[in-house]
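Inspection log for the structure reproduced underneath, given as structure tokens.
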Amino acid sequence: MKPLLEIVLKAFIGGLFVVVFALVAETVQPKRLAGIFAAAPSVALGGLILTVVFKGNQDAAAAARGMVAGAPAFTAYCLVDVPALGRFGAMRGSVAALVVWFAAAAALAFAVAP
């Protein structure tokens with residue numbers, strides 16, 4: 001029963017945070033900054049809260065470290081992918097960007113590991 005309750009609460013709280021962050025995004029000026037309040041931060045926050053409740057601080061800290069490593073790695077992916085798509089096409093450009101993402105994520109994961 002506990003795993004089912006955890007799944008239901010994750011869905012509810014994740015959805016609640018998405019709605020709250022969407023409302024904040026609607027009020028932000030200029031509108032180009034509204035993406036900062038997109039779904040990813042709200043789902044991450046909801047997931048961290050439920051991880052603390054169901055699994056404790058240690059698991060939440062590990063998840064937060066993964067998020068810290070993942071965000072700059074995703075930024076590196078985006079910075080490489082946009083020009084790579086134009087230069088190499090969809091398949092090869094995406095693969096090149098994924099290689100950059102994996103290398104950056106691996107390096108950052110080791111950097112933030114306890």
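Contact check for Leu108 versus Val68: no side-chain heavy atoms found under the 4.5 Å cut-off.
Of all the heavy atoms in Ala64 and Leu48, the pair that sits closest is N-CD2, 4.0 Å.
In this structure, Phe110 shares a hydrophobic cluster with no other residue, the cluster being traced through Ile, Leu, Val, Met, Phe, Trp and Tyr side chains under 4.5 angstrom apart.
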Expected list for residues 70-99: side-chain donor-acceptor pairs under 3.5 angstrom, two or more places apart:
unit_1	atom_1	unit_2	atom_2	d
Thr75	OG1	Ala71	O	3.0
Ser94	OG	Ala90	O	2.8

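Both Phe54 and Leu45 belong to a single network of hydrophobic side chains, linked directly or stepwise wherever heavy atoms of I, L, V, M, F, W or Y lie under 4.5 Å apart.
From Leu9, atom CG reaches atom CG of Leu16 across 11.5 Å, with rounding to the nearest 0.5 Å. We find the CG-CG distance between Leu50 and Leu5 to be 9.0 Å, quoted to the nearest 0.5 Å.
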